[in-house]
Amino acid sequence: MAVKIRLSRHGKKNHAFFHIVVTDIRSPRDGRLIEQIGTYNPNTNPASIRLDSERALYWLNVGAQPSDTCRRILSYEGVLLRKHLNGGVAKGAISQEVADQRWNAWKAERDSKIEAKKQGLKKTDSETRRELLNAEAKINQERAEAISKRKAEEAAAKAEAEAKAKAEAEAAAAAEQAEAAETAPAAE
């Protein structure tokens with residue numbers, strides 16, 4: 001029986017979530033499986049991978065062939081390096097202590113790279129958020145200035161209209177007085 005390590009798709013439409021499974025090569029993608037050895041979520045940044053490394057190493061040692069994507073995931077998690085180092089120990093090329101030192105050095109380097117990426121994303125996110133807040137503050141200030149300018153113009157227009165109305169009222173009153181003065185001597 002040919003055994004393959006591959007991904008089984010789960011999750012919603014446009015929001016895929018994968019299980020890393022060991023399955024018979026003849027079974028369908030999301031069908032019957034022998035064992036589930038982990039999960040892979042590409043929707044997060046960096047992608048979330050949970051993998052049982054010991055079981056993956058066991059299946060690789062008994063001849064399971066990983067798909068291309070699973071090969072990259074196994075490499076990213078260090079399972080393929082561990083298999084390579086164990087092969088060197090089995091052949092007598094290196095000792096178990098040297099293999100463990102190489103593994104630990106690789107693991108520390110990988111963890112530091114992942115942490116640096118997370119910090120970079122966090123920094124970029126905070127900078128982007130700060131830029132957006134500054135842009136929003138600038139827009140709000142411009143709006144406030146426009147509103148105050150418009151209110152000042154409205155107040156000036158209102159004062160002008162009131163002055164014009166007052167002048168017209170005074171002119172009308174003066175005309176009325178003049179007319180009253182003209183009609184009053186005629187009555188005498």
Side-chain angles (χ1 to χ4, degrees), residues 1-140:
M1 170 170 77
V3 177
K4 195 130 176 107
I5 300 174
R6 63 184 180 197
L7 298 177
S8 175
R9 190 184 193 285
H10 296 276
K12 297 179 186 178
K13 183 178 181 182
N14 296 325
H15 197 74
F17 179 83
F18 298 95
H19 290 199
I20 302 169
V21 296
V22 178
T23 183
D24 182 7
I25 200 166
R26 296 169 292 193
S27 66
R29 178 192 75 182
D30 300 334
R32 203 169 121 210
L33 56 100
I34 299 171
E35 181 180 0
Q36 178 182 338
I37 58 174
T39 59
Y40 169 60
N41 184 2
N43 301 312
T44 60
N45 191 3
S48 302
I49 300 171
R50 186 189 56 79
L51 180 68
D52 185 354
S53 300
E54 295 301 318
R55 292 305 295 167
L57 185 60
Y58 165 78
W59 282 106
L60 287 173
N61 286 334
V62 296
Q65 294 298 313
S67 66
D68 292 338
T69 306
C70 282
R71 182 176 301 279
R72 282 189 223 102
I73 291 171
L74 294 174
S75 177
Y76 180 78
E77 290 295 311
V79 174
L80 295 179
L81 175 65
R82 193 72 178 164
K83 181 181 181 214
H84 175 73
L85 291 173
N86 287 348
V89 170
K91 292 178 183 175
I94 59 173
S95 65
Q96 186 63 43
E97 294 79 28
V98 173
D100 291 338
Q101 286 175 350
R102 289 182 184 174
W103 165 255
N104 291 333
W106 178 85
K107 187 78 167 167
E109 182 182 345
R110 177 184 160 265
D111 291 342
S112 66
K113 284 181 182 178
I114 291 172
E115 191 59 36
K117 182 175 183 178
K118 286 180 181 178
Q119 292 299 325
L121 290 171
K122 193 180 226 183
K123 183 178 178 183
T124 302
D125 185 40
S126 65
E127 288 175 357
T128 304
R129 187 172 290 139
R130 187 177 12 244
E131 289 173 3
L132 290 173
L133 287 174
N134 289 340
E136 184 177 350
K138 184 178 178 183
I139 290 170
N140 287 342

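Sequence positions, counted from 1, serve as the residue numbers for this chain.
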Q | Check: Asn41 main-chain N/O paired with Ser48 side-chain donor or acceptor under 3.5 Å | A | no

Q: Answer yes or no on whether Arg110 is positioned over the face of Tyr76, meaning its NZ or CZ is under 6.0 Å from the six-membered ring centre and within 45° of the axis.
A: yes

(Q) Is it the case that over 12 heavy atoms from other parts of the model lie below 6.0 angstrom from the NZ atom of Lys118? (A) no

Q) Near Glu54 CD, under 6.0 Å, is it more than 12 heavy atoms from other residues, nucleotides or ligands? A) no

Q. Rounded to the nearest 0.5 Å, how far does CD1 of Ile73 lie from CG of Leu80?
A. 11.0 Å

Q: State, with a plain yes or no, whether a side-chain heavy atom of Trp59 is found less than 4.5 Å away from one of Ile34.
A: yes

Q | Crowding at CZ, Arg129 (>12 non-hydrogen neighbours, <6.0 Å) | A | no

Q. Hey, are Asp100 and Arg82 close enough for a salt bridge, meaning a charged N less than 4.0 Å from a carboxylate O?
A. yes

Q | Minimum heavy-atom distance Leu85-Ala99, with the two atoms named | A | CD1-O, 3.5 Å

Q) Does Gln101 reach the side chain of Asn104, with side-chain heavy atoms less than 4.5 Å apart? A) no

Q.
A side-chain contact here means heavy atoms from C-beta on lying under 4.5 Å apart; do Asp24 and Arg32 qualify?
A. no

Q | Least distance between heavy atoms, Trp103 atom then Gly78 atom | A | CZ3-O, 3.1 Å

Q. So with a 6.0 Å cut-off around CG of Asn45, is the heavy-atom count from everything else above 12?
A. yes

Q: Find out whether Leu7 and Ile20 are in side-chain contact, i.e. whether some heavy atom of one side chain is under 4.5 Å from a heavy atom of the other.
A: yes

Q: Considering non-hydrogen atoms only, spot the tightest contact between Leu51 and Ala56 and give its length.
A: CD1-CB, 4.4 Å

Q.
Using modelled atom types and a 3.5 Å cut-off, is there a donor and acceptor pairing between side-chain atoms of Thr23 and backbone atoms of Lys4?
A. no

Q: Quick one: pull up CD1 in Ile5 and CD1 in Ile37 and give me the separation to the nearest 0.5 Å.
A: 4.5 Å

Q) Are any non-hydrogen side-chain atoms of Leu132 and Glu136 less than 4.5 angstrom apart? A) no

Q: Specify the closest pair of heavy atoms between Arg9 and Asn14, including all atoms of both residues, with the distance to one decimal.
A: NH2-N, 4.1 Å

Q: Please examine the side chains of Pro46 and Leu121, heavy atoms only from C-beta on, and report whether any two atoms are closer than 4.5 Å.
A: yes

Q) In Å and rounded to the nearest 0.5 Å, what is the CD1 to CZ distance from Ile49 to Arg72? A) 11.5 Å

Q. Quick one: are His19 and Leu33 in side-chain contact, heavy atoms under 4.5 Å?
A. no

Q.
I need the minimum non-hydrogen distance between Ala16 and Pro42, along with the two atoms involved.
A. O-CD, 3.8 Å

Q.
Are the side chains of Val3 and Val62 in contact, using a 4.5 Å heavy-atom criterion?
A. no

**Q.** Atom NE2 of His84 with >12 non-hydrogen neighbours under 6.0 angstrom
**A.** no

Q.
I need the minimum non-hydrogen distance between Pro66 and Ala64, along with the two atoms involved.
A. CD-O, 3.7 Å

Q | Ser75 side chain to Arg71 backbone, donor-acceptor under 3.5 Å | A | no

**Q.** From Phe17 atom CZ to Thr39 atom OG1, the distance as rounded to the nearest 0.5 Å
**A.** 4.0 Å

